[in-house]
Protein chains: 2
Amino acid sequence: MALEEAHWPEELFADLDRTSPLPMYSQVASRLESAIRSGVIPAGGRIESEMAIAERLQISRPTIRRAIQDLVDKGLLVRQRGIGTQVVQGQVERSVELTSLFEDLSQAGISATTTLLDHEVLEADEDVAARLSLPAGDPVLHIRRRRMADGVPVAVLDNHLPGEFADLLPASLEGAGLYQLLRSRGVGIRIAQQRIGARACTPDEASLLEMEPGAPVLTMERLTYDHTGRAIELGRHAYHPDRYSFSTTLVAR
Amino acid sequence: MALEEAHWPEELFADLDRTSPLPMYSQVASRLESAIRSGVIPAGGRIESEMAIAERLQISRPTIRRAIQDLVDKGLLVRQRGIGTQVVQGQVERSVELTSLFEDLSQAGISATTTLLDHEVLEADEDVAARLSLPAGDPVLHIRRRRMADGVPVAVLDNHLPGEFADLLPASLEGAGLYQLLRSRGVGIRIAQQRIGARACTPDEASLLEMEPGAPVLTMERLTYDHTGRAIELGRHAYHPDRYSFSTTLVAR
DNA sequence: GCAGGTTAATTGTCTCAACATTATGCCCAC
DNA sequence: GTGGGCATAATGTTGAGACAATTAACCTGC
């Protein structure tokens with residue numbers, strides 16, 4: 001075998017739990033990811049074959065394949081028919097997932113705080129209505145916030161939500177991330193379509209983000225759908241580009 | 001059933017071909033996607049159950065599930081245990097896939113042309129070497145290009161590739177996209193890690209992109225891996241933000 | 001009219017199995 | 001020494017099946 005054979009430590013899969021509510025494929029994927037990120041399974045190396053892992057764990061091959069596929073989707077592994085599965089060279093960053101900025105920052109151990117600048121119920125104009133798949137004139141909640149990270153302004157967030165969310169309280173919006181609040185009322189956040197661009201900041205944004213007027217901001221327009229396929233949020237965000245960027249991993253289909 | 005029952009035209013799956021080299025799950029996914037994008041399967045509507053589609057097509061349920069999963073991954077469908085599978089409301093854009101800008105533009109029917117500004121073989125500095133997982137000092141090909149779309153400058157592209165690609169000819173690089181050239185020599189492009197940001201353009205970029213000095217550019221740094229997991233390209237791109245943005249779809253895991 | 005239990009529909013997970021395709025390495029004949 | 005054929009290893013595709021979990025609708029008793 002041209003590449004280094006895997007010698008995996010006994011404890012790599014020691015705590016797999018068939019009685020866990022967490023599916024087995026997810027547990028296996030998680031263990032493999034940890035081993036890759038920690039270097040236990042070296043970058044550039046080949047991992048054991050699907051059959052070998054299935055035999056080692058006494059788990060079916062389709063379940064192992066499902067675990068490996070998750071890591072392929074994350075850009076950590078590549079597979080080749082007839083050869084095997086390899087770990088990508090170098091260190092792979094974690095991609096942006098479907099979370100709010102608040103969650104991103106909290107997960108990165110950064111203290112995130114929010115100032116609510118605007119909170120009003122409006123009649124949706126035609127553009128907002130079209131984006132949210134609502135009739136024009138329907139009520140929507142419009143909020144505008146500034147997000148700080150460790151005391152430094154990072155983003156200005158402008159969001160429209162359908163009228164059913166009009167009862168989101170200002171205090172709630174300052175104390176938690178928007179997606180947390182939505183989840184806590186039973187909304188399953190499933191899909192977000194994003195368009196990422198750049199432009200010069202407005203005078204208002206310059207002031208809020210402590211930038212020179214006309215300086216570049218990174219922008220992101222996002223339309224989010226829930227578990228029933230309904231549009232639940234239209235967001236237009238402006239980020240200070242020295243303090244925020246988007247990481248993504250693309251995997252060829 | 002609360003939502004509209006599917007009444008699918010006979011011809012939706014008329015030309016599925018069991019003898020095709022294209023896998024059946026891919027054919028089914030493709031037909032469903034076309035039907036969704038054309039409105040034959042309406043936005044917001046529910047699709048037939050997995051079992052119903054499997055019976056209709058005399059194809060196994062795992063194969064149908066694989067097809068549906070592809071559309072879920074594209075952000076077109078959402079599934080709910082106990083309820084069924086729904087089409088997302090509104091029109092879903094196609095996400096950026098793992099292609100070069102040249103391919104993006106060509107696929108959008110835009111005439112893309114390239115001017116090669118720099119083409120040199122260098123010894124990799126420590127940063128480039130680290131990113132490409134090469135020893136410092138190893139030869140790398142450095143190219144810099146300006147990409148025009150329909151006669152208008154869109155991007156300045158700065159790329160480093162490992163020394164084995166040093167024989168890529170200037171004429172080739174102007175006549176075709178980088179990824180086309182790589183594929184034509186057997187490189188399977190599989191994964192790209194991207195970091196998207198913004199900054200002020202440099203004087204040189206201002207000139208090349210016909211912008212005011214200091215105006216915002218959209219930036220993208222990309223590290224691309226091939227089918228063996230090796231790093232094959234480090235790209236640093238600057239885009240005119242009025243002429244280019246990134247669309248992505250995030251799907252909750 | 002409402003609440004609780006039951007049933008049905010549907011997706012989610014896992015198992016087992018077979019065959020296809022690709023890639024590589026080995027062996028043998030020339 | 002080289003080329004072609006064959007075998008092996010590994011992933012890719014498809015099928016069949018069983019059971020679990022979730023959700024909604026329906027029915028019954030109060």
Side-chain angles (χ1 to χ4, degrees), chain A residues 1-3 5-6 16-30 45-73 77-87 186-188 190 226-229 252-253, chain B residues 1-3 5-6 16-30 45-73 77-87 186-188 190 226-229 252-253:
Chain A
M1 192 173 287
L3 283 169
E5 186 97 30
L16 293 181
D17 179 3
R18 283 185 184 274
T19 64
S20 170
L22 192 63
M24 182 55 65
Y25 73 79
S26 182
Q27 295 180 54
V28 172
S30 181
R46 195 175 293 175
I47 73 169
E48 281 183 20
S49 72
E50 296 167 0
M51 276 310 304
I53 301 176
E55 282 165 11
R56 173 201 280 266
L57 301 182
Q58 287 299 292
I59 286 170
S60 74
R61 187 180 159 228
T63 301
I64 298 301
R65 281 180 61 79
R66 172 62 202 266
I68 293 177
Q69 184 57 48
D70 282 1
L71 300 184
V72 170
D73 290 344
L77 296 176
V78 286
R79 295 192 295 196
Q80 269 177 280
R81 181 184 289 192
I83 297 194
T85 306
Q86 272 125 330
V87 183
V187 173
R190 287 292 179 274
D226 73 356
H227 59 291
T228 70
R253 292 179 183 281
Chain B
M1 191 172 289
L3 283 170
E5 186 97 31
L16 293 180
D17 180 3
R18 284 185 183 273
T19 65
S20 171
L22 192 63
M24 182 54 67
Y25 73 81
S26 182
Q27 294 179 55
V28 172
S30 179
R46 194 175 294 174
I47 73 171
E48 282 183 17
S49 73
E50 297 168 359
M51 275 311 303
I53 302 177
E55 282 165 10
R56 173 202 280 266
L57 301 182
Q58 286 299 293
I59 286 171
S60 74
R61 187 180 159 223
T63 301
I64 298 301
R65 282 180 60 79
R66 172 65 203 265
I68 294 176
Q69 184 58 48
D70 282 0
L71 301 184
V72 170
D73 289 344
L77 296 177
V78 285
R79 295 192 293 196
Q80 267 176 281
R81 180 184 290 191
I83 299 194
T85 306
Q86 272 127 330
V87 183
V187 172
R190 287 290 177 274
D226 73 356
H227 59 292
T228 70
R253 294 179 181 280

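Within every chain, numbering begins at 1; the chains are lettered A, B, ... in the order of the sequence lines, protein sequences first and strands thereafter.
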*Step-by-step side-chain contact (heavy atoms from CB on, under 4.5 Å) determination, B/Val28 to B/Thr63*: CA-CA 9 Å; B/Val28 172; B/Thr63 301; 5.8 Å; no

*Working for side-chain contact (heavy atoms from CB on, under 4.5 Å), residues A/Ile68 and A/Thr85*: CA-CA 9 Å; A/Ile68 293 177; A/Thr85 306; 4.2 Å; yes

*asked:* Quick one, B/Arg66 with B/Met24, criterion side-chain contact (heavy atoms from CB on, under 4.5 Å). Give me CA distance, side-chain angles, the key distance, then yes/no.
replied: CA-CA 10 Å; B/Arg66 172 65 203 265; B/Met24 182 54 67; over 6 Å; no

_Would A/Arg46 and A/Ile83 count as a side-chain contact (heavy atoms from CB on, under 4.5 Å) here? Give the steps._
CA-CA 9 Å; A/Arg46 195 175 293 175; A/Ile83 297 194; 3.4 Å; yes

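In terms of phosphate contacts, B/Arg46 brings no side-chain nitrogen or oxygen within less than 4.0 Å of OP1 or OP2 of D/dA24. Note on B/Tyr25: a side-chain N or O is less than 4.0 Å away from OP1 or OP2 of D/dT13. Between A/Arg65 and D/dT11 there is no side-chain N or O to OP1 or OP2 distance below 4.0 Å. Between B/Arg66 and D/dT13, a side-chain N or O to OP1/OP2 separation shorter than 4.0 Å is present.
Between A/Glu55 atom CD and C/dC16 atom C1' there is a gap of 14 Å when expressed in whole angstrom units. Nucleotide C/dT13 holds its C1' atom 12 Å from the CD1 atom of A/Ile59, rounded to whole Å. Here D/dA10 presents its C1' atom at 11 Å from CD1 of A/Ile68, a figure rounded to the nearest Å. Nucleotide C/dC19 holds its C1' atom 15 Å from the CD atom of A/Glu50, rounded to whole Å. One atom, CE of B/Met24, and another, P of D/dT13, lie 13 Å apart when rounded to the nearest Å. B/His227 has its NE2 atom 13 Å from the C1' atom of C/dT24, to the nearest Å. The distance from atom CD1 of A/Ile64 to atom P of D/dT11 is 11 Å, rounded to the nearest whole Å. Atom CE in A/Met51 sits roughly 12 Å away from atom C1' in D/dT11 (whole-Å rounding).
Taking the side chain as every heavy atom from C-beta outward, B/Val78 and A/His227 never approach each other to under 4.5 Å.
Contacts of B/Arg61 with the nucleic acid, taken as non-hydrogen atoms under 4.0 Å apart, include base atoms.
Side chain of B/Ser49, nearest nucleotide from D/dG15, C/dT10, D/dT13: C/dT10. Looking at the side chain of B/Arg79, the nearest of the listed nucleotides C/dT11, D/dT13, C/dT13 is C/dT11. Candidate nucleotides C/dG12, C/dC14, C/dT21 were compared by shortest atom distance to the side chain of A/Thr63, and C/dC14 ranks first. When distances are taken from the side chain of A/Thr85 to each of D/dT14, D/dT11, D/dG15, the shortest belongs to D/dT11. The side chain of A/Pro62 lies closest to C/dT15, out of C/dT21, C/dT15, C/dA23.
The residue among B/Ser60 and A/Ile83 whose nearest nucleotide of DNA chain D is located toward the 5' end is A/Ile83. Remark on DNA chain C: of its neighbouring residues A/Ser26 and A/Gln80, the 5'-side contact belongs to A/Ser26, judged by nearest-heavy-atom nucleotide. Along DNA chain C, the nucleotide nearest A/Pro23 and the nucleotide nearest A/Arg81 are compared for position; the residue whose nucleotide lies closer to the 5' end is A/Pro23.
The distance from the CD atom of A/Gln27 to the CG atom of A/Leu16 is 5.5 Å, given to the nearest 0.5 Å.
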